[in-house]
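Report on the structure given below.
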Amino acid sequence: MAADLPCDDAGVCMVCGVAAPSEVDLLRCSTCATPWHSPCLSNPPALSEAAIWSCPDCSGDPVAPAAPAAGGELVAAVRAIEADTTLSDAEKARRRQNILAGRSAASAPDDDVDDSAEDDVLNIFGRSFSCAFCMKLLDRPVTTPCGHNFCLKCFNRWTHNGASACGKCRRPIPYKMVQQPRINSAIVSAIRAARMSKNTNPAAAGSSAGSHHYIQNVDRPDRAYTTERAKRGGKANASSGQIFVTTAPDHFGPILAEHDPRRNTGVRVGETWEDRLECRQWGAHLPHIAGIAGQSRFGAQSVALSGGYEDDEDHGEWFLYTGSGGRDLSGNKRTNKEQGFDQTFVKMNEALRQSCLRGYPVRVVRSHKEKRSSYAPELGVRYDGIYRIEKCWRKIGVQGTFKVCRYLFVRCDNEPAPWTSDDHGDRPRPLPNIPELKDATDINERDERPSWGYDEKEGRWKWMYEPPTSRKPVRTGLRPKTGKQARKRARSDEMPNDPEKLLNEFSCCICFQVMAEPLTAPCGDSFCKACLLGAYDNQSSVRERSHGGRTLRAQKIVKRCPSCATDISDFLADPQINRDIMDVIESLQRKGDTTTKDDAASYGYGADKAEEFRGGDLQEEADPEMDAEDNSESDTDADASCGRTVVGIKDQEGQQLQPQKRKGGVAIIGTDDGPSKRITASADVEQKGNKSHE
DNA sequence: TAGCAAGAGTTT
DNA sequence: AAACTCTTGCTA
């Protein structure tokens with residue numbers, strides 16, 4: 001592949017490094033307006049073509065070599081459609097889609113996406129959920145603060161080539177979003193719901209029915225702390241709370257309903273916990289510090305991705321993991337990131353190698369501490385399902401001196417990943433191309449049938465051999481359930497098959513109604529405009545400070561997302577409506593109107609509710625000093641409300657709204673028929689975090 | 001039982 | 001921020 005790169009934000013050519021290419025040498029792409037240094041192009045255009053030149057990113061697909069140079073013709077064809085004033089927007093979209101569908105069918109043989117089915121799903125949403133770059137149905141949608149939606153891959157390709165403005169409206173994209181774009185969960189679940197309603201195959205539908213990606217922890221830990229000292233030192237010093245599942249510590253594979261007498265659901269993909277200790281209590285990943293759970297002689301059961309090793313590389317469905325060790329941690333140097341010696345295949349690294357050789361299923365959890373991945377949760381620790389280690393090897397780490405152990409993890413779970421809109425789990429996929437393998441030593445891969453494999457007949461992943469027998473006793477405070485105690489899951493898991501049910505996917509996290517004027521914050525959470533802005537109505541964006549009669553520099557006030565507590569104050573300064581979501585909501589409401597007029601009335605806009613919310617005085621409630629007192633009560637509160645705690649937002653009727661700020665507190669906002677989300681809040685809403693990314 | 005571990009709160 | 005300190009759980 002030719003190493004064609006554009007000029008960066010400062011106008012510096014990323015190939016030759018020349019600071020300010022002269023106007024003569026500067027070429028601007030006629031499609032995306034990105035500047036390029038003409039002498040550094042592998043295939044520069046003739047002078048006569050410079051005005052209509054399309055850059056290598058727009059005219060071809062550099063990451064999909066199977067797509068031939070026909071890209072230029074495609075762009076020309078798309079432009080011809082755009083220029084045709086006789087066509088309506090819908091017709092233009094339809095024609096663009098047709099052209100691009102032809103290309104995808106030819107260039108991506110391993111892509112099992114059925115284009116006509118995709119088209120159906122697009123139609124359900126009035127074609128609003130198509131990516132502005134690839135024109136296809138949004139895949140892992142991310143939303144810019146200006147309210148435009150793109151596939152994550154398209155967005156990354158766009159920004160990695162130096163663009164820092166929205167591809168649709170040219171407004172600047174915040175640095176933080178360029179670094180770590182967040183998946184828009186509302187769009188993901190809406191598309192999935194639409195797929196489910198199209199899917200008449202009960203087996204496929206059943207495999208992921210009810211896979212919620214924000215599962216409330218109905219049962220709070222019974223005993224998270226055991227000693228007085230632990231209470232003083234916070235959770236870091238806490239001994240483990242009760243283990244709720246009946247799996248042995250060396251249990252391989254998913255945690256099923258039969259291992260979960262408390263809830264009878266098992267650990268589902270997308271389940272999120274506040275921290276590693278809570279994750280441990282549900283058996284997904286037992287060690288509370290270490291990233292790898294396993295035994296060198298038998299294999300590894302689970303890993304955590306939490307950003308501790310800079311060599312890691314996360315692509316969602318597959319990732320490259322780094323082994324542990326190689327660091328000098330003597331003398332309580334817990335945080336030493338520097339490598340002091342080579343990693344070798346011993347201890348946990350050997351356990352992972354064993355799982356690789358035998359093709360064992362490995363549970364994967366991602367932590368919010370992983371700051372370089374779009375697939376990491378915003379908060380807490382999330383279970384992402386089963387992966388298999390397809391290969392492992394050693395190579396010099398990015399620090400450049402010592403070797404690290406490397407593992408290629410590929411997802412193979414029967415439930416879809418939290419970031420995809422797929423209505424089914426994984427299918428066997430070809431291994432990704434790993435360039436670093438050519439410099440690798442000690443390459444291992446399994447040479448026999450994997451223990452965890454895909455059954456083509458049944459269409460699901462399962463044990464191909466008997467799972468390895470446990471060598472450890474079950475540690476749990478609960479006896480395994482008896483036949484009498486075993487309750488069947490009281491869930492109908494009925495998926496939406498009409499516009500009104502689909503509308504439920506667009507609920508505002510504040511008023512629980514279908515969103516009116518939807519806003520998507522950079523963290524990926526969506527709200528009614530009135531609800532979100534109403535929540536901060538009485539707050540100014542900066543605090544004037546004075547000291548001894550002098551006026552000091554104004555301090556920015558942090559405003560946290562009501563759902564995930566990310567600072568969204570920059571977004572709130574100029575929030576833009578997500579028009580695509582709004583169009584979809586309106587079109588679904590129109591469809592609903594024509595079918596059942598009476599029912600449609602119940603899907604009211606949230607603005608009225610938001611009006612009520614504004615009655616609550618946020619600033620007074622936000623006084624940090626209130627929290628200390630409040631804190632001692634928090635556990636009691638949680639217990640008293642059947643595990644469904646609503647912190648801050650009192651109830652659905654909107655009597656009171658306040659930000660979530662209980663120290664270490666976890667709250668669940670949920671309704672019986674609406675989506676539920678766990679939210680964690682910190683006590684220092686306005687105390688810390690007064691620095692912002694610029 | 002020593003030593004390690006991709007944690008977390010507090011202090012500097 | 002980084003350093004320091006406090007811990008527990010697990011492997012070997």
Side-chain angles (χ1 to χ4, degrees), chain A residues 221 223-243 248-251 273-281 283-314 319-341 343-352 354 363-373 376-377 379-382 397 404-405 407 409 471-473 475 631 663-664 680 682-684 687-691 693:
Chain A
R223 283 191 296 276
Y225 317 102
T226 49
T227 64
E228 285 305 307
R229 177 65 193 80
K231 282 178 190 165
R232 282 199 301 276
K235 269 201 169 176
N237 296 339
S239 67
S240 167
Q242 196 176 79
I243 306 288
D250 53 355
H251 166 84
W273 304 280
E274 190 181 352
D275 53 32
R276 292 278 294 266
L277 276 164
E278 206 188 0
C279 169
R280 167 186 166 77
Q281 292 188 280
H285 183 70
L286 287 169
H288 97 247
I289 295 178
I292 306 166
Q295 305 76 37
S296 58
R297 286 163 64 200
F298 311 120
Q301 291 86 28
S302 59
V303 297
L305 282 128
S306 40
Y309 285 82
E310 53 194 323
D311 288 87
D312 288 1
E313 204 183 290
D314 193 0
F319 60 88
L320 294 174
Y321 195 76
T322 311
S324 64
R327 294 168 173 176
D328 178 14
L329 298 176
S330 61
N332 224 344
K333 285 199 289 285
R334 188 79 78 224
T335 46
N336 186 8
K337 301 272 183 214
E338 236 165 74
Q339 262 197 281
F341 42 94
Q343 289 183 358
T344 50
F345 287 119
V346 294
K347 298 181 181 174
M348 292 304 135
N349 296 348
E350 173 63 13
L352 283 176
Q354 289 299 326
R363 293 184 300 274
V364 170
V365 298
R366 281 182 173 82
S367 154
H368 68 105
K369 291 200 160 191
E370 172 55 85
K371 294 295 182 199
R372 295 164 306 143
S373 163
L379 280 173
V381 182
R382 184 186 66 209
V404 291
C405 296
Y407 303 87
F409 280 71
R471 290 150 221 274
K472 291 163 183 286
R475 271 192 50 177
N631 196 24
K663 191 168 189 173
T680 306
S682 74
D684 48 4
Q687 301 305 299
K688 290 181 184 173
N690 50 359
K691 300 184 185 86
H693 257 302

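Heavy-atom basis, side chains included; hydrogens, waters and symmetry copies ignored.
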If I compare all heavy atoms of A:Trp273 with all of A:Ala284, which pair ends up nearest, and what's the gap? CH2-CB, 3.6 Å
Heavy-atom pair of closest approach, residues A:Cys405 and A:Asn349: SG-ND2, 3.7 Å
Is the phosphate of [N] approached by [X] (side-chain N or O, under 4.0 Å from OP1 or OP2)?
{"X": "A:Ser296", "N": "C:dA12", "result": "yes"}
{"X": "A:Lys472", "N": "C:dC10", "result": "no"}
{"X": "A:Arg280", "N": "C:dC10", "result": "yes"}
{"X": "A:Lys347", "N": "C:dC10", "result": "no"}

Are the side chains of A:Arg471 and A:Arg297 in touch, meaning some heavy atoms are under 4.5 Å apart? no
Output the rounded distance in Å from [atom1] ([X]) to [atom2] ([N]).
{"X": "A:Tyr321", "N": "B:dA5", "atom1": "OH", "atom2": "C1'", "answer": "11 Å"}
{"X": "A:Asn349", "N": "B:dC4", "atom1": "CG", "atom2": "P", "answer": "14 Å"}
{"X": "A:Gln295", "N": "C:dT11", "atom1": "CD", "atom2": "P", "answer": "5 Å"}
{"X": "A:Gln301", "N": "C:dC10", "atom1": "CD", "atom2": "P", "answer": "11 Å"}
{"X": "A:His368", "N": "B:dG7", "atom1": "NE2", "atom2": "C1'", "answer": "10 Å"}
{"X": "A:Trp273", "N": "B:dA6", "atom1": "CH2", "atom2": "P", "answer": "20 Å"}
{"X": "A:Met348", "N": "C:dG9", "atom1": "CE", "atom2": "C1'", "answer": "11 Å"}
{"X": "A:Leu277", "N": "C:dC6", "atom1": "CG", "atom2": "C1'", "answer": "14 Å"}

Once you apply a heavy-atom cut-off of 4.0 Å, does [X] come out as touching a base, just sugar-phosphate, or nothing?
{"X": "A:Phe298", "value": "nothing"}
{"X": "A:Lys371", "value": "nothing"}
{"X": "A:Ile292", "value": "nothing"}

In terms of relative ring orientation, are A:Phe319 and A:Phe409 parallel, tilted or perpendicular, with 30° and 60° separating the classes? parallel
A:His251: which residues meet the ring pair (Phe, Tyr, Trp, His ring centres under 6.0 Å) condition with it, sequence neighbours left out? A:His259
Taking the minimum atom-to-atom distance to the side chain of [X], which one of [options] wins?
{"X": "A:Ser306", "options": "B:dA5, B:dA8, B:dG7", "value": "B:dG7"}
{"X": "A:Ser324", "options": "B:dA5, C:dT11, B:dA8", "value": "B:dA5"}
{"X": "A:Asp275", "options": "C:dT11, B:dA8, B:dA6", "value": "B:dA8"}
{"X": "A:Lys369", "options": "B:dA8, C:dT11, B:dA6", "value": "B:dA8"}

Do NZ/NE/NH1/NH2 and the carboxylate oxygens of A:Glu278 and A:Arg276 come within less than 4.0 Å? no
The criterion is side-chain contact (heavy atoms from CB on, under 4.5 Å); which residues satisfy it with A:Leu286, sequence neighbours excluded? A:Ile243, A:Pro249, A:Arg280
With both pairing distances under 3.5 angstrom for Watson-Crick or G-U wobble, and | for a partner in another strand, the correct string for DNA chain B is |||||.||||||
Please evaluate the base of B:dA6 for a donor-acceptor partner in the side chain of A:Asp312 within a cut-off of under 3.5 Å? yes
In terms of side-chain heavy atoms, does A:Asp311 have a donor or acceptor partner in A:Thr322 at a distance below 3.5 Å? no
